[in-house]
Q: 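First, the structure itself, so that you have it in front of you.
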Amino acid sequence: MRRASYTEIAVTPGMVFIADRCRLDLPSVTNDAERVVEECLAAYGERRIVYRDSAGEWGELLHTGIQFRGFAPYADLTPDEEAA
């Protein structure tokens, strides 16, 4: 099965930041959100999951700690902004 391709940007005690690799032959993080959340929960625990989509916009993948439950906008500092 085809899976979204993304890369880890930063991991903090409460959050993980990922970026969609925007591969045309694969689904986007947005379109594969359930699987991406499942993978992130397995890899990083119950951290908040913030992602940069294929348009360069930041959003959050909401979850219950077990499964995906929706999307939310993300307007706080990103790793790029914190480094500046």
Side-chain angles (χ1 to χ4, degrees):
M1 179 165 269
R2 296 171 11 149
R3 298 174 181 223
S5 180
Y6 57 91
T7 187
E8 173 190 298
I9 296 175
V11 179
T12 69
M15 303 174 87
V16 59
F17 292 86
I18 62 173
D20 196 319
R21 289 192 177 156
C22 306
R23 292 191 43 186
L24 295 177
D25 59 328
L26 297 175
S28 67
V29 167
T30 302
N31 291 331
D32 199 19
E34 289 182 21
R35 186 182 316 272
V36 171
V37 166
E38 183 180 290
E39 291 173 357
C40 286
L41 289 173
Y44 307 109
E46 293 185 25
R47 290 176 170 89
R48 291 174 63 190
I49 304 165
V50 178
Y51 75 107
R52 186 173 55 215
D53 67 17
S54 56
E57 299 294 322
W58 289 96
E60 185 170 356
L61 298 173
L62 303 174
H63 60 82
T64 64
I66 299 171
Q67 66 185 16
F68 172 71
R69 74 172 180 92
F71 300 95
Y74 182 79
D76 292 336
L77 290 178
T78 63
D80 299 339
E81 295 168 331
E82 288 180 358

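Numbering starts at 1 and runs along the sequence shown. The figures that follow rest on heavy atoms only: side chains count, while hydrogens, waters and symmetry mates do not.
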Q: Using every non-hydrogen atom in the two residues, find where Ile18 and Cys40 come nearest and quote the distance to one decimal.
A: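 So the minimum-distance heavy-atom pair works out to CD1-SG, 4.3 Å.
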Q: Looking at every heavy atom in both Thr78 and Phe17, which two are closest together, and how far apart are they?
A: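 Looks like CA-CE2, 4.2 Å.
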Q: Report yes or no: do Val11 and Val37 belong to one cluster of Ile/Leu/Val/Met/Phe/Trp/Tyr joined by side chain heavy-atom distances under 4.5 Å?
A: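 Cluster IDs for Val11 and Val37 match.
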Q: Inspect the surroundings of CD in Glu8 and state if more than 12 heavy atoms from other residues, nucleotides or ligands are less than 6.0 Å away.
A: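 Yes - once you tally the heavy atoms of other residues, nucleotides and ligands closer than 6.0 Å, there are more than 12.
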Q: Treating Asp20 as the side-chain partner and Ser28 as the backbone partner, does any N or O pair qualify as donor plus acceptor under 3.5 Å?
A: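 Absent.
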Q: If hydrophobic clusters are built from ILVMFWY residues whose side chains come within less than 4.5 Å, do Tyr44 and Val36 share one?
A: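 Cluster IDs for Tyr44 and Val36 match.
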Q: Got a sec, which residues hit side-chain hydrogen bond (donor to acceptor under 3.5 Å, both in side chains) with Glu46, two or more places apart in sequence or on another chain?
A: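 Glu46 satisfies side-chain hydrogen bond (donor to acceptor under 3.5 Å, both in side chains) with no residue once adjacent residues are dropped.
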Q: If you look at every heavy atom in Cys22 and Ser54, which pair is closest and at what distance?
A: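 That closest heavy-atom pairing would be SG-CA, 3.3 Å.
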Q: Which pair of non-hydrogen atoms, one from Arg47 and one from Met15, has the smallest distance, and what is that distance?
A: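 So the two residues come closest at CD-O, 3.6 Å.
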Q: Which pair of non-hydrogen atoms, one from Ala19 and one from Ile9, has the smallest distance, and what is that distance?
A: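 Nearest pair, atom of Ala19 first, then Ile9: CB-CD1, 3.5 Å.
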Q: Mind listing the closest non-hydrogen atom pair of Ala4 and Asp32 along with its distance?
A: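 The answer is N-OD2, 2.8 Å.
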Q: Checking the side chain of Arg2 only, and the main-chain atoms of Asp25 only, is there a donor and an acceptor separated by less than 3.5 Å?
A: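 Yes, the answer is positive, given that a donor and an acceptor are paired below the 3.5 Å cut-off.
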Q: Any heavy-atom pair between the side chains of Thr30 and Tyr51 that's under 4.5 Å?
A: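 Yes - at least one pair of side-chain heavy atoms lies under 4.5 Å apart.
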Q: Please list every donor-acceptor pair under 3.5 Å in which a side-chain atom of residues 64-72 meets a protein atom from a residue at least two apart or in another chain.
A:
from: Thr64; atom 1: OG1; to: Ile66; atom 2: N; distance (Å): 3.2
from: Thr64; atom 1: OG1; to: Gln67; atom 2: N; distance (Å): 3.2

Q: Exactly one of Leu61, Val50, Ile49 should register a side chain to side chain contact (heavy atoms under 4.5 Å, CB included) with Tyr74. Which one does?
A: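 That would be Val50.
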